[in-house]
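Following: one structure in structure tokens, then a few remarks.
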Amino acid sequence: MKIENGERDVCTGSPGTKAPAIGDENERGGEAFVPPLNFAMVDNGVFRSGFPHSPNFSFLKSLGLRSVIYLCPEPYPEENKEFLRANGIRLFQFGIDGSQEPYVKFPEDTIREALKVLLDVRNHPLLIHCKRGKHRTGCLVGCLRRLQGWCLTSIFDEYRRFAAAKARVSDQRSIEVFDISRFNNCPMSFSSSKR
């Protein structure tokens, strides 16, 4: 696991200041909010997506992220690192191979370490991402859903919604057999978490 830390600036407005409405580009200086590929909310303060690029940075900034879980082994691009540093966002990198081989071993220890970061509400709001937001991200979210007590049918429906035609039986099988017994007192939802 690789961790990078940034400094966080706190912005405050006067009590009479009205926040710009979503879609009100004039109030944001013409910036358009463009979410990354496959973006969705997983739970309160937890988001998922494919790899974010510079056109997505304004959108990501609006989420007030504290952390990013990056699931690819490739180095994080400097432009993205600079965005994280400038916004006080911590990077947690868990290099999971994106191999399409059907019998590649599911990295349970790596998923377990990523789940520890994900479950720590001090890291929220956070974004989980890989290249396309399908397989590696889907596996991590699927294992979270197991901890949250979701039935396998619902977990696999969610996985297939993002993986679409590229859904892998091996990923779904890995989610199914993932050992959740090492996690105690997992929150069903982060909806009551304080930030």
Side-chain angles (χ1 to χ4, degrees), residues 1-6 36-52 60 63-76 80 84 89-99 104-163 167-195:
M1 174 178 72
K2 181 178 175 184
I3 301 173
E4 295 192 17
N5 195 8
L37 175 74
N38 261 340
F39 178 84
M41 178 182 251
V42 173
D43 206 323
N44 192 28
V46 179
F47 307 94
R48 65 177 290 164
S49 75
F51 199 91
L60 294 178
L63 300 175
L65 296 174
R66 285 187 184 162
S67 307
V68 168
I69 295 177
Y70 174 51
L71 299 173
C72 300
E74 297 82 16
Y76 214 55
N80 290 57
L84 298 183
I89 302 169
R90 224 168 146 186
L91 174 65
F92 296 90
Q93 183 171 356
F94 300 93
I96 299 173
D97 182 33
S99 175
V104 170
K105 173 110 173 71
F106 182 75
E108 273 203 38
D109 290 338
T110 305
I111 293 291
R112 195 170 287 106
E113 290 302 310
L115 278 170
K116 288 177 187 174
V117 172
L118 171 56
L119 294 171
D120 186 344
V121 295
R122 294 172 297 183
N123 295 321
H124 296 186
L126 76 90
L127 174 70
I128 305 161
H129 79 83
C130 54
K131 289 280 188 207
R132 302 271 179 225
K134 295 179 179 184
H135 304 110
R136 290 170 277 201
T137 299
C139 286
L140 181 59
V141 171
C143 291
L144 170 67
R145 299 305 192 199
R146 291 267 327 278
L147 289 170
Q148 292 178 319
W150 282 35
C151 70
L152 287 174
T153 301
S154 295
I155 293 169
F156 296 158
D157 283 348
E158 180 180 44
Y159 170 86
R160 286 189 296 262
R161 190 174 327 119
F162 290 92
R168 297 178 186 157
V169 173
S170 60
D171 285 349
Q172 293 170 81
R173 177 73 180 136
S174 295
I175 293 166
E176 181 179 5
V177 300
F178 181 73
D179 181 13
I180 61 171
S181 66
R182 295 186 187 184
F183 292 91
N184 296 325
N185 304 322
C186 175
M188 289 297 288
S189 169
F190 300 108
S191 58
S192 61
S193 301
K194 297 200 186 224
R195 277 171 214 43

When you measure from the side chain of R48 to the backbone N and O of L127, does any donor-acceptor pair fall under 3.5 Å?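 No, the answer is negative, given that no donor and acceptor are paired below the 3.5 Å cut-off.
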Is it true that a side-chain atom of E108 and a backbone atom of F178 form a donor plus acceptor pair closer than 3.5 Å?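 No, because the side chain of E108 does not come within donor-acceptor range (under 3.5 Å) of the backbone of F178.
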To the nearest 0.5 Å, what is the distance between [atom1] on [X] and [atom2] on [Y]?
{"X": "R173", "Y": "F156", "atom1": "CZ", "atom2": "CZ", "result": "8.5 Å"}
{"X": "I69", "Y": "C130", "atom1": "CD1", "atom2": "SG", "result": "12.0 Å"}
{"X": "I89", "Y": "L65", "atom1": "CD1", "atom2": "CG", "result": "5.0 Å"}
{"X": "L71", "Y": "I111", "atom1": "CG", "atom2": "CD1", "result": "6.5 Å"}
{"X": "C139", "Y": "Q172", "atom1": "SG", "atom2": "CD", "result": "9.0 Å"}
{"X": "R182", "Y": "K116", "atom1": "CZ", "atom2": "NZ", "result": "8.5 Å"}

Listed partners of Y159 passing ring-ring contact (aromatic ring centres under 6.0 Å, His included), at least two apart: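 Residues passing ring-ring contact (aromatic ring centres under 6.0 Å, His included) with Y159: none at all.
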Tell me, please, which residues at least two apart from H135 pass ring-ring contact (aromatic ring centres under 6.0 Å, His included).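 Expected list: none.
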Can you name the side chain to side chain donor-acceptor pair (under 3.5 Å) partners of K131, sequence neighbours left out?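 K131 satisfies side chain to side chain donor-acceptor pair (under 3.5 Å) with no other residue.
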pair [X]-[Y]: side-chain heavy atoms closer than 4.5 Å:
{"X": "L91", "Y": "Y76", "value": "yes"}
{"X": "P36", "Y": "L60", "value": "yes"}
{"X": "L147", "Y": "L119", "value": "yes"}
{"X": "I180", "Y": "C143", "value": "no"}

Parallel, tilted or perpendicular for H129 and F51, by the 30°/60° rule?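 Plane angle over 60°, so perpendicular.
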Could you walk me through whether T153 and D157 pass the side chain to side chain contact (heavy atoms under 4.5 Å, CB included) check? CA-CA 6 Å; T153 301; D157 283 348; 4.0 Å; yes
Would you check if the distance from the ring center of Y70 to the ring center of F94 is below 6.0 Å?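 That pair fails the under 6.0 Å test.
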For R132, is the CZ atom crowded, meaning more than 12 foreign heavy atoms sit under 6.0 Å from it?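 No, not enclosed.
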Apply side chain to side chain contact (heavy atoms under 4.5 Å, CB included) to the pair L118 and N123, showing each step before the final yes or no. CA-CA 7 Å; L118 171 56; N123 295 321; over 6 Å; no
Under the side chain to side chain contact (heavy atoms under 4.5 Å, CB included) criterion, do L126 and V68 qualify, and how do the steps go? CA-CA 5 Å; L126 76 90; V68 168; over 6 Å; no
Looking only at heavy atoms, what is the nearest atom pair of S49 and T137, with distance?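 Closest heavy-atom pair between S49 and T137: O-OG1, 4.0 Å.
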To check you understand the geometry: which heavy-atom pair defines the closest contact between I175 and R146, and what is its length?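 The answer is O-NH1, 2.8 Å.
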Can you name the one residue among D171, L37, N38 that meets side-chain contact (heavy atoms from CB on, under 4.5 Å) with K134?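 Running side-chain contact (heavy atoms from CB on, under 4.5 Å) over D171, L37, N38 with K134 returns exactly one hit, N38.
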For R66 and H124: C-alpha separation, side-chain torsions, deciding distance, then whether side chain to side chain contact (heavy atoms under 4.5 Å, CB included) applies. CA-CA 6 Å; R66 285 187 184 162; H124 296 186; 5.6 Å; no
